[in-house]
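Please read the structure below before turning to the comments.
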Protein chains: 2
Amino acid sequence: MKYSHRLSDAVHILTYIGASEIVEDDLSSRAIAGSINSNPSLVRRLMSSLKNAGLITSEPGRAAVSLSKPTNEITLLDVYKAIEEPDLFHVDEETNQQCPIGANIQSALHKAYNEVQQQAESEMSKITLADIVKDVVDGNKKTLS
Amino acid sequence: MKYSHRLSDAVHILTYIGASEIVEDDLSSRAIAGSINSNPSLVRRLMSSLKNAGLITSEPGRAAVSLSKPTNEITLLDVYKAIEEPDLFHVDEETNQQCPIGANIQSALHKAYNEVQQQAESEMSKITLADIVKDVVDGNKKTLS
DNA sequence: TTAACCTGTTATCTTATATGTAACATGTTA
DNA sequence: TAACATGTTACATATAAGATAACAGGTTAA
């Protein structure tokens, strides 16, 4: 998945909810889809994952989604784990076990990838939805002034 | 691309070259493909990218590829940049510019993603081909003993 | 010099995935 | 009861990775 922007759209949804004071107060999937320039079904599917991860609260029939936690307690890592595959890189699991290289490269790569993954996740855990919302709100103020 | 193992296969190729003393000394694309359990054409295409990045040296007609640098001077980051798209995450570039959120989310996400990218790349630059080769060779010794 | 091998490149096919879109069961509200 | 919402599923389309084949041209050894 190289051309995916699921994570971006999921953050967009959370930002929309968290910064709803600067938009018309319509939190329907249709209104959020309008902001993303996508469609309500995509939004509802992403929201389903966010809901399963405990990041948002919603009810059938009511356009009344809300964040389950304050924006400074929702990290980029939380969204990543709710939405994306767990691993940034993938080991080729089909290497030739009869070859000394093929038989040992998988564990060597897993070890290397784990180190990169940990650093990336550590950084993601430092970035909160509050940071994103602030950047968006500040950017909007700048436009208005 | 989510299910890609191009990076793993590229590291596999470099490891095969760098640890060729523990395999039969055949460095043809056919032999390397045999270790990956793939096909020679894929190997040659990846090698083409590795060659463009200055990591390996090869000549048409001769099965005599070699590393352009010592294994401890080739990092995982070098391979990543030679093979993969530059960005781990992708910003949705189609957001609604008429919406305060849609108009400002892109730059906020770019900023956040850049921080994660930098940490990941920093970690990748610390992992060298020498580390991978060592793990593979050690793993092989363990099997033989 | 010729047969057998190789590299480097391109093209095609298949498969996996993301997204767009529609549909529908069901809940909510005025 | 009409209008609108969510939550879920199904399907079509677009994109990308990988498998495979083909071929022009270089290399090597008998």
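As the structure is a prediction and not an experimental result, all values here were calculated from the model. A note on names: the letters A, B, ... follow the listed sequences, proteins ahead of strands, and every chain is numbered from 1.
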Review point. Under 3.5 Å, side chain of A:Ser58 to main-chain N/O of A:Val65, donor-acceptor pair present?
Key: no

Practice item. Figure out the NE2/C1' separation between B:His12 and D:dG18, and round it to whole Å. Key: 16 Å

Exercise for review: Verify the contact: side-chain N or O of B:His5 to OP1 or OP2 of D:dA17, cut-off strictly under 4.0 Å; return yes or no.
Suggested key: no

Review point. Among side-chain atoms of B:Thr95 and A:His12, is any donor-acceptor pair under 3.5 angstrom?
Key: no

Practice item. Round to the nearest Å and state the distance from A:Arg30 atom CZ to D:dG7 atom C1'. Key: 18 Å

Review point. Rounded to the Å, how far apart are B:Arg44 CZ and D:dA22 C1'?
Key: 10 Å

Exercise for review: Return yes if the base of C:dT21 and the side-chain atoms of A:Arg45 contain a donor-acceptor N/O pair under 3.5 Å, otherwise no.
Suggested key: yes

Check your understanding: Can you check the B:Asn39 CG to D:dA19 C1' distance for me, whole Å?
Key -> 5 Å

Check your understanding: Does OP1 or OP2 of D:dG18 have a side-chain N or O of B:Ser38 closer than 4.0 Å?
Key -> no

Review point. Picking from C:dT28, D:dT8, D:dA17, which would you name as closest to the side chain of A:Arg62?
Key: C:dT28

Review point. In whole angstroms, how far is the P atom of D:dA3 from the CG atom of A:Asp26?
Key: 19 Å

Practice item. Specify the separation, in whole Å, of atom CG of A:Asn37 and atom P of C:dT19. Key: 14 Å

Practice item. Take the protein atom CD1 of B:Ile83 and the nucleotide atom C1' of D:dA16, then report the distance between them rounded to whole Å. Key: 15 Å

Exercise for review: May I ask you to verify whether the side chain of A:Ser41 and the base of C:dA22 hold a donor-acceptor pair under 3.5 Å?
Suggested key: yes

Point to revise | Nearest-angstrom distance from the residue atom CG of A:Leu42 to P of C:dA18 | key: 12 Å

